[in-house]
Structures are given as C-alpha cells and as structure tokens.
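Residue numbers count from 1 along this sequence.
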Amino acid sequence: MNNRPVQTLLKNSIVASSRLSSTRSPSVTKAFATSTLITRKMSSNNSRPLCLIPGPVEMSSTVLQAHSTPATAHTDPKFVEAFGQVIEMLREVVQTKTAQPFVIAGSGTLGWDQTAANLVEAGENVLVLSNGYFGEGLADCMETYGAAVTRLRAEPGNRQSLEEVAQALQAKKYKIVTVSQVDTSTGVLGDVK
C-alpha cells in the first residue's frame, strides 16, 4: 500500500502545528502534534488508513460513495425533500416543534465566527472554558471580533471544575460563556450539563 498521501497529510499537520506554537500553550501544541502521528487501518475498510487527527473526520464507505455522485442543485426536488427532513430531525434534537434551526455547511470555526459576529459586541465580556487547541482558537476568534475574553484554562486532559466556573461567573458579568463539548486536541469532554 502507498502511504505517501498519509505521510504528506501528517507532515502538513505537524508543520501547521509548529506554526501555531507561538500562539498556543506548549502543552496544547504538543498534544496537537502528538495526535497527528496516530494512524491505523480501518477495521471496516482495510484498503485505506485511518488518520486520527483533530479536524477531518472519518467517513463510512456509504458516505464516501454518496460524495462521489454528481452535485445536486439546491432547487432540485430531491434536495428540497432531504433538506426538509434534516430540519424536522433537528427540531427533534433541539426539542422544538416551531423554532427554525439553521443548517450551515462549514467547519466548526465557521460556527465560532457566526457566534462572535452575531452575539457579541466589541468590548463585551466572554468567558471561554478552554480545554485545549479548539478552546484557545475560539477565544482567539472572539478577541478578533473585539470581545473582552477571559480564558479559564484547564490542564491538558482535564476540564474546569464547577467551582472554578462558578467563581469566574461571580467575578464579572459575561455576555456569553463558551465551551468546546469535545476538544479533540486533548480528548477532553466538556460536561455541558
């Protein structure tokens, strides 16, 4: 098997990680760089490697096959029907019958931009619970839009305690509080409940 594409991807990920090291804490950069080195064979499809890095997600053979079909216009009746089903299923997920969910094609960082651009005015306080690379990136995004960001960091592999969060919330009034539910750079699950 030719591993060249995987090696190139890993090399590019490590280069990207080293470029970010000046703006990220050393432990976060190390966790990110280390995670780019993990690869193995997929159990369901041994013809290609599984690259376990933060970012691109693995897709099943069914999804990959669907991606190989010709593009469908957003006005096509098949697309309209499928999109309508997505909206209805999202209403179930967020437990509403009448609210209008928004489906936006993009990465998680697009969600950061939308949150910062639409919910926060320059100078407003934002509390970012940072559990790794993506929490730090979200804080950077908020600062780019002018928010006054307080970063409540946790040690790699850990998350903030409820007491730490409560203390931060008592210190000042925040417009929003953010948390990455799962920061893949450190593998930390933010207990949102």
Using side-chain heavy atoms (C-beta onward) and a distance below 4.5 Å, is [X] in contact with [Y]?
X	Y	value
Val165	Leu152	yes
Thr178	Leu127	no
Val126	Met142	yes
Arg151	Glu143	yes

Could you tell me whether Gln100 atom CD has more than 12 heavy atoms of other residues or ligands within 6.0 Å of it?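 Atom CD in Gln100 is crowded, with more than 12 foreign heavy atoms closer than 6.0 Å.
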Is it the case that more than 12 heavy atoms not belonging to Gln181 sit under 6.0 Å from its CD atom?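 Open: at most 12 neighbouring heavy atoms sit under 6.0 Å from CD of Gln181.
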Measuring from [X]:[atom1] to [Y]:[atom2], what's the distance to the nearest 0.5 Å?
X	Y	atom1	atom2	answer
Gln85	Glu81	CD	CD	5.0 Å
Asn125	Lys172	CG	NZ	4.5 Å
Ser180	Glu136	OG	CD	10.0 Å
Asp183	Ser130	CG	OG	7.0 Å

Output yes when a side-chain donor or acceptor of [X] lies under 3.5 Å from a complementary backbone atom of [Y], and no otherwise.
X	Y	result
Glu164	Ser161	yes
Asn131	Val188	no
Thr96	Ala99	yes

Connected via hydrophobic side-chain network under 4.5 Å: Phe134 and Val128: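 Per the 4.5 Å side-chain linkage, Phe134 and Val128 are co-clustered.
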I need the full list of ring-ring contact (aromatic ring centres under 6.0 Å, His included) pairs touching residues 58-92, with sequence neighbours left out, sorted by first then second residue.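 For residues 58-92, and leaving out neighbouring residues, the ring-ring contact (aromatic ring centres under 6.0 Å, His included) pairs sorted by first residue read Phe79-Phe83.
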Would you mind checking if Arg91 and Glu88 are paired as a salt bridge, meaning a charged N to carboxylate O distance below 4.0 Å?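 Salt bridge between Glu88 and Arg91, a charged N being under 4.0 Å from a carboxylate O: yes.
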So, Gln160 versus Arg153: side-chain donor-acceptor pair below 3.5 Å or not?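 Short answer, no.
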Would you be so kind as to tabulate the donor-acceptor pairs closer than 3.5 Å made by side chains of residues 102-123, with sequence neighbours excluded?
| unit_1 | atom_1 | unit_2 | atom_2 | d |
| --- | --- | --- | --- | --- |
| Ser107 | OG | Thr109 | N | 3.4 |
| Ser107 | OG | Thr109 | OG1 | 2.7 |
| Asp113 | OD1 | Tyr145 | OH | 3.0 |
| Thr115 | OG1 | Gly111 | O | 2.9 |
| Asn118 | ND2 | Gln114 | O | 2.9 |

